[in-house]
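Start at 1 with the first residue, then count along the sequence. Computed from a predicted structure; not experimentally measured.
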Amino acid sequence: MTTVFIAGSIAIKRLHQKVRERIENAVASGLSVVVGDADGADAAIQDVLASLNADKVTVYCSGETPRNNRGQWPVHQVFPLAAPGTRAFFTAKDIEMAQDADYGLMIWDSKSTGTLSNVLELLSREKKSVVFVNKAQTFVKVASVADLRDLVTYMSDHARMKAEQKIGLTKRIAALGQVQISLPM
């Protein structure tokens, strides 16, 4: 069964109608959905899924209990070695969602390094993402490093600087580029 990892920036509290339609299409197509438990976009995604009575949903959380589970769906717990509450603690569940999904649907505020890391993680596993860039109200397909480079052009200089500090954006993109160059054609 095809599984889609749906996630987004914590700063996004309401989903654009175009995103809601994509989620509706995923549910109508019988896709399985993995979603995180954070406030912001994750909670809004869960609200849409609950309103659709979606039943092929799994909520991933780091630790014992999800922060949000609006549809009372099954929970996949991840127990990272990182200290509770840290970035690494919460990132562990995202890495497992990227591993378990076939592709991603991301809702991005053009700043969030968490959402951008999800796109990077999926791409490192040779999985595609469709990213809704909230401020531009458009979808960007990310299936290659070139697509990823196009995506990050939506970031402000300040957001890029933060991404360099938090996730080493340039090095991660370069590493992905080296992997893609070495793959057999």
Exercise for review: Would you kindly confirm whether Val142 and Ile6 end up in one hydrophobic cluster when ILVMFWY residues are joined by side chain heavy atoms under 4.5 Å apart?
Suggested key: no

Study note, to complete from the structure: So CG of Asp42 and CG of Asp47: to nearest 0.5 Å the spacing works out to 11.0 Å

Point to revise | Residues, nucleotides or ligands: over 12 heavy atoms within 6.0 Å of Lys127 NZ | key: yes

Study note, to complete from the structure: Taken to the nearest 0.5 Å, the spacing of Lys135 NZ from Met155 CE works out to 9.0 Å

Exercise for review: Applying side-chain hydrogen bond (donor to acceptor under 3.5 Å, both in side chains), name anything that partners Arg160, two or more places apart in sequence or on another chain.
Suggested key: none

Check your understanding: Are Val27 and Val48 side-chain neighbours, meaning at least one heavy-atom pair lies under 4.5 Å?
Key -> no

Point to revise | Shortest non-hydrogen contact from Ser124 toward Leu176 | key: CA-CD2, 3.4 Å

Check your understanding: Looking only at atom types and distance, does a side-chain atom of Lys93 sit under 3.5 Å from a main-chain N or O of Gly36, one as donor and one as acceptor?
Key -> no

Review point. Are Val33 and Ile23 joined in one hydrophobic group, where the rule is that I, L, V, M, F, W and Y side chains link up if heavy atoms are under 4.5 Å apart?
Key: yes

Check your understanding: salt bridge (charged side-chain N to carboxylate O under 4.0 Å, His left out): which pairs involve residues 147-156, sequence neighbours left out?
Key -> none

Review point. Among pairs that include at least one residue of residues 93-116, which meet ring-ring contact (aromatic ring centres under 6.0 Å, His included), considering only residues two or more places apart or in two chains?
Key: none

Check your understanding: Taking side chain as C-beta onward, heavy atoms only, is Lys111 less than 4.5 Å from Lys162?
Key -> no

Check your understanding: side chain to side chain contact (heavy atoms under 4.5 Å, CB included) with Arg172: which residues, sequence neighbours excluded?
Key -> Ser117, Leu120, Glu121, Ile167

Revision key, fill the gap. Heavy-atom closest pair (Ala43 atom, Arg70 atom, distance to 0.1 Å) is CB-NH2, 3.4 Å

Exercise for review: Quick one: pull up CD in Glu164 and OG1 in Thr113 and give me the separation to the nearest 0.5 Å.
Suggested key: 11.5 Å

Practice item. Look up atom CE in Met106 and atom OG in Ser129, then write down how far apart they are to the nearest 0.5 Å. Key: 5.5 Å

Output a table of donor-acceptor pairs, distance under 3.5 Å, between side-chain atoms of residues 54-64 and any protein atom two or more places apart or on a different chain; print 'none' if there are none.
unit_1	atom_1	unit_2	atom_2	d
Lys56	NZ	Gly30	O	3.4
Tyr60	OH	Asp100	OD2	2.5
Ser62	OG	Phe89	O	2.7

Check your understanding: Do other residues, nucleotides or ligands put more than 12 heavy atoms under 6.0 Å from Lys166 NZ?
Key -> no

Point to revise | Pairwise ring-ring contact (aromatic ring centres under 6.0 Å, His included) hits with a residue in residues 24-47, at least two apart | key: none

Exercise for review: Might you point out which heavy atoms bring Pro66 and Val75 nearest each other, and give the distance in Å?
Suggested key: CG-CG2, 3.8 Å

Check your understanding: Transitively linked via ILVMFWY side-chain contacts under 4.5 Å: Phe5 with Trp73?
Key -> no

Review point. What residues form a salt bridge (Lys or Arg N to Asp or Glu O under 4.0 Å) with Glu96, not counting sequence neighbours?
Key: none

Check your understanding: What is the distance from atom CG of Leu122 to atom CG of Asp102, rounded to the nearest 0.5 Å?
Key -> 10.0 Å

Review point. Is the NZ or CZ atom of Arg22 positioned over Phe132's six-membered ring, under 6.0 angstrom from the centre and within 45° of the axis?
Key: no

**Study point:** Partners passing ring-ring contact (aromatic ring centres under 6.0 Å, His included) against Tyr154 (at least two apart in sequence or in another chain)
**Key:** none

When the side chains of residues 7-15 are checked against the rest of the protein, which donor-acceptor pairs come out under 3.5 Å, sequence neighbours left out?
unit_1	atom_1	unit_2	atom_2	d
Ser9	OG	Asp109	N	3.1
Ser9	OG	Asp109	OD1	3.2
Ser9	OG	Thr115	OG1	3.4
Lys13	NZ	Ile10	O	3.0

Point to revise | ILVMFWY cluster, Val133 and Val130 together (side-chain gap under 4.5 Å) | key: no

Check your understanding: In Å, rounded to the nearest 0.5 Å, how long is the span from CG of Asn118 to CG of Asp94?
Key -> 4.5 Å

Point to revise | Partners meeting side chain to side chain contact (heavy atoms under 4.5 Å, CB included) with Ser156 (sequence neighbours left out) | key: His158, Ala159

Check your understanding: Shared ILVMFWY cluster between Met97 and Ile45, side chains joined below 4.5 angstrom?
Key -> no

Check your understanding: Can you pull the ring-ring contact (aromatic ring centres under 6.0 Å, His included) pairs that have at least one residue in residues 29-50, sequence neighbours excluded?
Key -> none

Review point. How would you list, by chain and number, every residue that makes a salt bridge (Lys or Arg N to Asp or Glu O under 4.0 Å) with Arg67, sequence neighbours excluded?
Key: Asp37

